[in-house]
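All values derive from a computational prediction rather than experimental measurement.
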Amino acid sequence: QVQLVESGGGSVQAGGSLRLSCAASVVTYSTYCMGWFRQAPGKEREGVAAIGSSSTPSYSDSVKGRFTISKDNAQNTLYLQMNSLKPEDTAMYYCAAQPRDPLGRCWLLLPEKYVYWGQGTQVTVSS
């Protein structure tokens with residue numbers, strides 16, 4: 001059973017930085033793709049950043065150049081470094097895991113393709 005536990009959220013002023021962590025049990029990156037998603041009140045959940053076994057990440061246009069996703073295979077931990085934060089980044093942030101299909105593919109930024117989800121960690125950016 002895959003378990004994902006996020007941490008690192010908090011409140012920060014615009015322009016500040018936060019680093020989110022996701023501790024993943026039972027996840028092997030050859031079997032799963034991993035991603036970060038966020039959901040603001042009244043809005044749909046959206047893909048922020050995701051990474052597959054090739055280690056080539058994908059980012060949403062809204063965070064490209066400001067956020068960096070990375071993984072520590074030895075620690076089974078996924079990270080999201082968030083710099084130059086903006087008030088519109090305020091949301092609950094979720095870590096998620098998607099099993100690869102039989103051809104080894106993932107749909108990196110599509111939340112409906114992800115099977116396992118953490119409980120989320122709140123990020124609040126004030127202006």
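Ser126 is linked by a side-chain contact (heavy atoms from CB on, under 4.5 Å) to Gln13, counting only residues two or more places apart in sequence or in another chain. Legend: residues meeting side-chain contact (heavy atoms from CB on, under 4.5 Å) with Thr68, ordered by chain and number and at least two apart, are Tyr59, Gln81.
Note: Tyr94 and Trp117 have perpendicular aromatic rings, judged against thresholds of 30 and 60 degrees for the angle between ring planes.
Using a cutoff of 4.0 Å between basic side-chain nitrogens and carboxylate oxygens, Lys64 and Asp61 are scored as salt-bridged.
Atom OG of Ser17 and atom CG of Asn83 lie 3.5 Å apart (nearest 0.5 Å). Note that the OH atom of Tyr93 and the OG atom of Ser7 stand 15.0 Å from one another [nearest 0.5 Å]. To the nearest 0.5 Å, atom CG of residue Leu78 and atom SG of residue Cys22 are 5.5 Å apart. Taking CD1 of Ile69 as the reference point, atom CH2 of Trp36 lies at 8.0 Å (rounded to 0.5 Å). Here the OG1-CG distance, from Thr121 to Leu18, works out to 8.5 Å after rounding to the nearest 0.5 Å. The CD atom of Gln119 sits 11.5 Å away from the SG atom of Cys95 when rounded to the nearest 0.5 Å.
Residues Thr77 and Asp72 bring no donor and acceptor atom of their side chains to less than 3.5 Å of each other.
Residues Val12 and Leu85 come closest through the heavy atom pair CG1-CD1, 3.6 Å. Residues Gly47 and Ser60 share a closest heavy-atom pair of O-CB, 3.4 Å. The nearest pair of heavy atoms linking Ala24 to Met34 is CB-CE, 4.3 Å. Residue Ala49 comes nearest to Leu80 through the heavy atom pair CB-CD1, 4.0 Å, listed as atom of the first residue, atom of the second, then distance. In plain terms, the two heavy atoms of Arg100 and Cys33 that are nearest each other are NH1-SG, 3.4 Å. When every heavy atom of Ser62 is checked against every heavy atom of Arg38, the shortest pair comes out as OG-NH2, 3.3 Å.
Side-chain N or O atoms of Gln98 include one that pairs as donor or acceptor with a backbone N or O of Trp107 at under 3.5 Å. Between the side chain of Glu6 and the backbone N or O of Gly120, at least one donor-acceptor pair lies under 3.5 Å. The backbone N or O of Pro87 sits nowhere less than 3.5 Å from a side-chain atom of Ser127 that would complete a donor-acceptor pair.
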- Yes or no on ring-ring contact (aromatic ring centres under 6.0 Å, His included) for Phe37 and Tyr114, after CA distance, side-chain angles and deciding distance? CA-CA 10 Å; Phe37 297 81; Tyr114 285 76; 4.7 Å; yes
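Contact of the Leu108 side chain with the Ile51 side chain is not registered, since no non-hydrogen atoms from C-beta on lie closer than 4.5 Å. A heavy-atom distance below 4.5 Å is found between the side chains of Lys86 and Arg66. Taking 4.5 Å as the limit, some side-chain heavy atom of Met82 sits within range of a side-chain heavy atom of Leu20. Counting heavy atoms from C-beta on, the side chains of Gln39 and Glu46 never come closer than 4.5 Å.
Within the cation-pi definition used here (under 6.0 Å to the ring centroid, within 45° of the axis), Arg19 qualifies as a partner of Tyr79.
Grouping the Ile, Leu, Val, Met, Phe, Trp and Tyr side chains by contacts below 4.5 angstrom, directly or via other members, places Val115 with Val48.
Listed by first and then second residue, the salt bridge (Lys or Arg N to Asp or Glu O under 4.0 Å) pairs involving residues 105-126 are Asp101-Arg105 (not counting sequence neighbours).
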